[in-house]
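Read through the structure below, which is laid out as structure tokens, and then see the notes.
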Amino acid sequence: MKDLLRKAASRLTEPIPEFNIIYNTDLKFADVSTDIGFKLASLLKDNPNNIAQQVAQELKQMNHQAVGRVEVLKGYINIFYSQNYLEDIYSKIIKEDSIYGSHPKKKFRINMEFISANPTGPLHIAHGRQAIIGDVVSNVLTKAGYDVQREYYINDSGNQIEMLGKSLYVRYQQICGVNAELGENSYKGEYLIDLAKEFKEQYGDKYLKEPDLKLFKEFAAAKLLEQIKQTASKAGIKMDYYASQKQLENESKDKEIIGFLSSKGMAFEKDGALWAKSTSYGDDQDRVIRKSDGLFPYRVSDYAYHLDKFKRDFDLLIDIWGPDHHSHIKDVSSFLQFAGYDKDRFKVLIIQHCRVISGGKEVKMSKRNATFITLDELLDDIPRDVVRYFFSMRKPETHLDFDLDLAIKKSMENPVYYVQYAYARINSIFKKAKELDIKHSGEDLDFARLNQDERDLLRLLVRFPNFVEISAKELDPTPIVSYTMDVARSFQSYYQKADKDRSLAVLCDDVNAREARLKLLKAVQIVLKNCFDILGISAPDKM
RNA sequence: GCCCCCAUAGCUCAAUUGGAAGAGCAACGGAUUUCUAAUCCGUAGGUUACAGGUUCGAUCCCUGUUGGGGGUACCA
């Protein structure tokens, strides 16, 4: 459509300035609008409305098969699709079914890294938000034609894991009746008591006197990772690949980083530690790359990990992090640029803070002291679909209050039921049609048999690929969510009109109208189902 | 101090990213012998936090101010 407009405008003048295709939320204006009149106005020294009139005239004369009515209003050109075009799209929806809305496959590999929680405790609700947004954005990108790998980076090495091993040992001692106290930085969650019991069942009191810290660490980390995987799967999260920090270290990838920076003259000693001269390649401050105790800080293996991802041949790396890692972006990104990778090939999506509200008060969360609500517990109380929809509803970079009381209630504030109900209702109509032995099939739709509401419904379905595109571009699930609401609302509103006027019912007496309506609803159902698939929620046959 | 995020209807949020401010909930009024009322229709609700700037046009971009949240380690 944009090319078409450019062509039409080029009959007036050249070159044509950049202009926009506008998909207004309100279908009453048009299927597609454009601001080209405004853009050309200053160039041609005429008022936008006149220019728009002229472009519209040219457009009409081109007689393109997709273009129906063309109007000019307040400087905008408003274009309505032709009947033929809408009928073609209908056929496309039916033919493509679950593929409808997908964009052509691109040879562009994206690595989407998300969750990546330390295996030192269960996932909490903030992880849940990151996990679900990561999953949904991955779905959208796949739909938009990208080749996406979902990846989890396991921080199974370093201080936190040390502390985990020590904490488990203390709990183990306590289980065995030995007096022992958790330290200041210990993991205080009760889940370690359960793990200590498991440990004792497996090993008895064999390690009480001579603790094998390596065993404690590995036992705890392996068990906790297993729990995390189970929780993720409970939330419907798909993961393709698990990368391990420990493995990178075993392969000396961290040492290679030090070697690399040293060889480039970017390392210097200070206060007994080794520093990267990162300010000379774009960072805000120099960074420690070997601590004075001889160990590498987290960032070194993180550098190594991201280089490793590039070496595995991804065109774009997307990381989803919590806001507490914000300062880490510049750190990693300036290193990657120094290592020769374009800055646009590394994107970080910061998912903002997620507060949990219960009884009108915030529930404070901390992994170290035992009070927090786990994602697992949340999923016990609240259906997966609700949780997924809730977390997808708000833009990733905004703060989110998760009100437990509201989510637990099957109230109207859970719009997921609204969209699913639309799907179930359509299903119910098909069931009824089957009982009455009413036939409806085929990939063709006679537009002339649709009334205005039905035509508008079809026009809305045509927009689905646009929403996939914008959602993928913005790495944001919310456009898909609002679109799903739009489709459901349009259907519900249309459906209800039969209350007043029986001839407006889908299963009315007019055979032709009936067939056309059933066919249309088939397409509505396909689009709803495709939206649900992206969001990872179920499409219930009945509710 | 410096950096990041946020501020739109009473509440929770949209607005296809610089193009025509819109939903849901709550409130009020109405619709139920149905194709599933987990629904629909209507009413009301706005100086888009404030002040400037750029633009034909700003909720969106820039500058400043206010308020809320987060970060600013030889932790991860």
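Naming convention: chains lettered A, B, ... in sequence-line order (proteins, then strands); numbering from 1 in each chain.
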Counting side-chain heavy atoms from CB outward, which of [options] is closest to [X]?
X         : options                   : answer
Leu73(A)  : rC40(B), rC4(B), rA20(B)  : rA20(B)
Asn118(A) : rA14(B), rA76(B), rC35(B) : rA76(B)
His326(A) : rC4(B), rG70(B), rG18(B)  : rC4(B)
Asn155(A) : rC40(B), rA76(B), rC74(B) : rA76(B)
Glu474(A) : rA20(B), rU17(B), rA38(B) : rU17(B)
Arg489(A) : rA20(B), rG24(B), rG18(B) : rG24(B)
Trp275(A) : rU39(B), rC74(B), rC35(B) : rC74(B)
Tyr76(A)  : rC35(B), rG70(B), rG19(B) : rG19(B)
Lys395(A) : rU17(B), rC35(B), rA76(B) : rU17(B)
Phe38(A)  : rC56(B), rA76(B), rC41(B) : rC56(B)

Determine the contact category for [X]: base if any of its heavy atoms lies under 4.0 Å from a base atom, sugar-phosphate if only primed atoms, P, OP1 or OP2 are that close, otherwise nothing.
X         : answer
Lys542(A) : base
Ala498(A) : base
Tyr495(A) : base
Asp271(A) : base
Leu40(A)  : nothing
Asn159(A) : sugar-phosphate
Ser33(A)  : base
Ala424(A) : base
His325(A) : base
Asn49(A)  : nothing

Closest-nucleotide 5' rank along RNA chain B - winner of Ser327(A) and Ala488(A): Ala488(A)
Nucleotide [N], atom [atom2] - distance to [atom1] of [X] in whole Å:
X         : N       : atom1 : atom2 : value
Tyr421(A) : rU39(B) : OH    : P     : 7 Å
Asn185(A) : rC75(B) : CG    : C1'   : 9 Å
Asp499(A) : rC41(B) : CG    : P     : 11 Å
Phe390(A) : rC25(B) : CZ    : C1'   : 12 Å
Tyr389(A) : rC13(B) : OH    : P     : 15 Å
Trp321(A) : rC5(B)  : CH2   : C1'   : 16 Å

Closest approach of Phe532(A) to Ala539(A) (non-hydrogen atoms, all atoms of both residues): CD1-CB, 3.7 Å
Where Tyr81(A) and Asp31(A) come nearest, the two heavy atoms and their spacing: N-OD2, 2.8 Å
Centroid separation Tyr298(A) to His328(A) less than 6.0 Å: yes
Ring center gap for Tyr417(A) and Tyr421(A) short of 6.0 angstrom: no
Worked verdict on Glu151(A) versus Lys309(A) for salt bridge (charged side-chain N to carboxylate O under 4.0 Å, His left out): CA-CA 10 Å; Glu151(A) 184 156 325; Lys309(A) 284 198 270 193; 5.2 Å; no
Phosphate-side-chain proximity, Tyr417(A) and rA38(B), N/O vs OP1/OP2 below 4.0 Å: no
In rU55(B), glycosidic geometry as syn within 90° of 0 or anti otherwise: anti
NZ/Lys431(A): more than 12 non-hydrogen atoms of other groups inside 6.0 Å: no
Members of residues 283-301 of chain A that approach RNA chain B, where some heavy atom sits under 4.0 Å away: Val288(A), Lys291(A), Ser292(A), Pro297(A), Tyr298(A)
Between the side-chain atoms of [X] and the base atoms of [N], is any donor-acceptor pair under 3.5 Å?
X         : N       : result
Gln496(A) : rU39(B) : yes
Lys39(A)  : rG19(B) : yes
Asn78(A)  : rA20(B) : yes

Ring geometry between Phe268(A) and Trp275(A) (parallel below 30°, tilted from 30 to 60°, perpendicular above 60°): parallel
Under-4.0 Å salt bridge between [X] and [Y]:
X         : Y         : value
Asp486(A) : Arg489(A) : yes
Lys519(A) : Glu515(A) : yes
Asp302(A) : Arg299(A) : no

Nucleotide paired to rU54(B) in any strand shown, Watson-Crick or G-U, under 3.5 Å: none
Ring centroids of Tyr418(A) and rG24(B) base under 5.5 Å with planes under 30°: no
